[in-house]
Protein chains: 2
Amino acid sequence: MAVTRSDVARAAGVSPAVVSYVLNNGPRPVATHTRERVLAAIDELGYRPNAIASALRGGSTQTVGLLTPNRSNPFYGALAEEIERTLTEQGYLTLTASTYGYRSSEERLLQTFIDRQTDGLIITSGVSLSGPALSGVEQSVLVLEERPESPLSTLSMDDEGDAARAVDHLQVHGHDLIGCIVGPPYVSTDGLRLSGWREQQRRTGRPASDGLVALADAGEEGGYQAAGLLLSEHGRPWAVYGRRPTALFVASDVQAFGALHACWELGLRVPDDVALVSMGGTRGARFTIPPLTTMRQDVEYLARSACTRLLEEIRTPGLPPAHVRLTGNLVVGHTCGCSPYGVIRR
Amino acid sequence: MAVTRSDVARAAGVSPAVVSYVLNNGPRPVATHTRERVLAAIDELGYRPNAIASALRGGSTQTVGLLTPNRSNPFYGALAEEIERTLTEQGYLTLTASTYGYRSSEERLLQTFIDRQTDGLIITSGVSLSGPALSGVEQSVLVLEERPESPLSTLSMDDEGDAARAVDHLQVHGHDLIGCIVGPPYVSTDGLRLSGWREQQRRTGRPASDGLVALADAGEEGGYQAAGLLLSEHGRPWAVYGRRPTALFVASDVQAFGALHACWELGLRVPDDVALVSMGGTRGARFTIPPLTTMRQDVEYLARSACTRLLEEIRTPGLPPAHVRLTGNLVVGHTCGCSPYGVIRR
DNA sequence: GTGAAAGCGCTAACAA
DNA sequence: TTGTTAGCGCTTTCAC
């Protein structure tokens with residue numbers, strides 16, 4: 001059995017309450033020499049307060065739950081890493097769980113977090129925000145998704161606008177037949193990026209039919225398959241336009257890695273035969289061959305903002321919900337056509 | 001205030017104990033109609049048992065702590081993802097934390113896990129295994145590192161042997177001046193991979209001096225820098241051998257991504273000018289240009305084995321420690337020279 | 001088959 | 001300044 005507070009009290013010749021007062025610096029003052037006796041006893045016995053008991057008594061669990069679709073995608077990976085780091089600095093521990101896009105998992109995991117009295121929740125794919133799980137939640141919740149009307153605070157990237165601006169950049173290079181690789185449908189973000197592509201194409205009078213869209217699995221493989229589908233001579237979903245798309249908008253860097261590989265296999269030169277712009281701005285985007293032009297979303301900043309805001313809400317219950325939207329920046333690499341000869345060094 | 005067990009008991013017209021009997025299917029039987037009344041009350045009130053209270057009373061926390069050096073490296077990312085998935089299936093939640101190689105973080109985080117009464121711990125970088133934190137731990141601990149003498153169970157990849165076999169493959173292709181990119185030094189794994197390269201080179205009478213080694217940061221950037229250092233005409237750490245290394249052994253896939261990029265920038269053809277073999281077998285390795293030849297370590301299997309074993313130890317306290325070592329498989333891509341013309345499709 | 005009651009280790013109000 | 005004590009919500013033994 002572990003050392004308890006009573007053991008310390010006995011060893012120091014004081015009451016258990018005094019031990020608490022020393023540990024928590026309050027709520028009552030403790031005489032200096034008593035405090036020292038207590039600290040000595042703690043040290044000697046190797047006493048560690050029982051976090052569970054403290055949490056039950058009404059304190060906090062010093063824990064935040066983080067719900068993401070998955071972990072292996074670099075976007076969510078980087079997000080989780082930075083959130084975890086920031087929270088750790090603040091003395092919180094992070095409980096993570098992945099939904100893999102299943103709404104049922106989402107509700108179940110959310111409920112598990114709630115049952116464990118996490119002090120706060122950060123949710124990335126908020127399909128079940130209106131579901132039963134979140135109604136009447138007592139902890140602070142932050143949603144990383146655009147929901148201006150939500151009673152919960154939201155913090156999001158401008159996925160639709162960012163996508164539109166990425167597509168615009170391809171249009172500026174003279175492309176009008178622009179394919180779109182997005183997916184998987186369960187990630188709401190991808191829906192917005194798809195809209196961004198579609199709206200930008202429509203607004204500027206360019207084609208935006210489903211024949212130009214390939215829904216892909218997350219991951220390199222998904223992008224590889226999708227690019228193969230959109231670009232190869234077999235199948236030719238673009239047949240109605242009489243020519244192959246000259247550019248691809250790819251909704252995530254990782255999928256773009258796969259798409260680049262597909263181009264390489266098909267013998268298509270990037271950006272000469274096929275230009276390519278993706279979204280994400282992951283670390284790896286600088287190191288593809290050639291380096292990706294990508295709409296960089298500052299995940300680290302997003303993560304830190306989320307933590308800051310969440311901790312504020314935890315410390316100050318009853319704050320009105322905040323809604324913040326962050327905008328991406330285009331990082332120009334070699335796949336869009338800006339630097340076809342690989343001159344630019346970044 | 002949330003609904004408590006007493007509320008349910010009152011609503012169902014039974015005592016709180018009966019509610020527990022129903023919820024836990026024991027330890028005492030409950031009459032069918034009573035059970036139904038209780039379940040109805042639970043349903044109606046939306047009662048959820050308080051996990052904290054249950055844990056305090058002596059049950060388990062249904063939580064496992066996972067300590068890794070970081071999260072963004074795909075190896076640890078994939079490991080964590082699979083561990084989390086497996087544990088979730090078994091009804092456990094995963095607490096994750098990253099040490100970033102700092103021993104002090106490691107001890108502190110370990111202690112935090114212990115304070116929270118996690119049912120088990122999975123530790124990847126076990127520098128502090130002998131430290132104070134782990135002495136007298138009551139929960140089950142699994143170490144993902146080679147420690148045959150450890151009183152804790154260990155599960156590891158054969159990093160040294162795998163590295164040696166990767167280097168051997170380059171030697172088979174006729175290379176003898178083989179550079180080595182490893183890092184960062186705080187990851188014990190990298191030390192072993194470095195040894196693997198050195199021993200294999202020595203054993204076969206080939207050079208293994210420090211001039212052929214580049215210590216690199218984790219990540220693409222690290223591999224990029226290191227390859228630049230080892231291959232460029234400036235600096236020429238290989239000057240003593242009169243020629244540039246014709247092959248590189250890279251300790252991780254991600255670093256290899258950077259190294260490939262460096263070759264591309266330097267105008268060196270892979271594998272003709274520089275052959276390359278890395279370790280990891282991450283998903284992305286299939287999609288580089290050209291695809292990597294890499295010593296694949298089956299992280300998913302490692303993760304699942306770890307969970308299985310850990311849960312066994314949790315359920316059966318007092319099991320003697322097990323020590324398992326897994327071996328990698330070379331996945332042949334195009335960077336080693338096996339298929340210089342890109343003929344092979346995998 | 002069910003209820004009463006003793007704690008798990010802690011915090012904090014209250015008493016001294 | 002310090003000690004006493006009442007719970008937090010739950011599990012489980014023991015008595016009925």
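Sequence lines set the chain letters: A, B, ... in the order given, protein chains first and strands last, and positions in each chain run from 1.
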How long is the line joining [atom1] of [X] and [atom2] of [N], in whole Å?
| X | N | atom1 | atom2 | result |
| --- | --- | --- | --- | --- |
| A:Ile42 | C:dC10 | CD1 | C1' | 13 Å |
| A:Gln62 | C:dC10 | CD | P | 16 Å |
| A:Tyr47 | C:dG9 | OH | P | 10 Å |
| B:Arg48 | D:dC10 | CZ | C1' | 15 Å |
| A:Ile52 | D:dG9 | CD1 | C1' | 13 Å |
| A:Arg35 | D:dT1 | CZ | C1' | 12 Å |
| B:Leu23 | D:dG9 | CG | C1' | 12 Å |
| A:Asp115 | D:dC8 | CG | P | 19 Å |

Q. Given that A:Ser6 and B:Ser15 both sit by DNA chain C, which one's nearest nucleotide is further toward the 5' end?
A. B:Ser15
(Q) Quick check: on DNA chain C, is the nucleotide nearest A:Val19 upstream (toward 5') of the one nearest B:Val14, or the reverse? Name the residue that is more 5'. (A) B:Val14
Q: Would you please name every residue forming a side-chain hydrogen bond (donor to acceptor under 3.5 Å, both in side chains) with A:Ser305, sequence neighbours left out?
A: none
Give the nucleotide from the list [options] with an atom nearest to the side chain of [X].
| X | options | answer |
| --- | --- | --- |
| A:Pro49 | C:dC10, C:dA12, C:dG1 | C:dC10 |
| B:Val30 | C:dG1, C:dT2, C:dA12 | C:dT2 |
| B:Val18 | D:dT12, C:dT2, D:dG3 | C:dT2 |
| B:Leu56 | D:dT2, C:dT2, C:dC8 | C:dC8 |
| A:Arg57 | D:dC10, C:dC10, D:dT2 | C:dC10 |

Q) On a plain distance test, is the side chain of B:Tyr21 in donor-acceptor contact with the base of C:dG3 below 3.5 Å? A) yes
Q: Report yes or no: do B:Ser156 and B:Glu145 form a side-chain donor-acceptor pair below 3.5 Å?
A: no
Q: Could you verify whether a donor N or O on one side chain and an acceptor N or O on the other, from B:Arg309 and B:Ser140, lie under 3.5 Å apart?
A: no
Q: Looking at every strand, decide which applies to B:Ala17 at a 4.0 Å heavy-atom threshold: base, sugar-phosphate, or nothing.
A: base
Q. Just checking, B:Arg35 and B:Tyr21: is the charged tip under 6.0 Å from the six-membered ring centre and within 45° of the axis?
A. no
Q | Below 4.0 Å: OP1/OP2 of D:dG9 and any side-chain N or O of B:Ser54 | A | no
Q: Could you tell me which residues satisfy salt bridge (Lys or Arg N to Asp or Glu O under 4.0 Å) with A:Asp298, sequence neighbours excluded, listed by chain and number?
A: A:Arg296
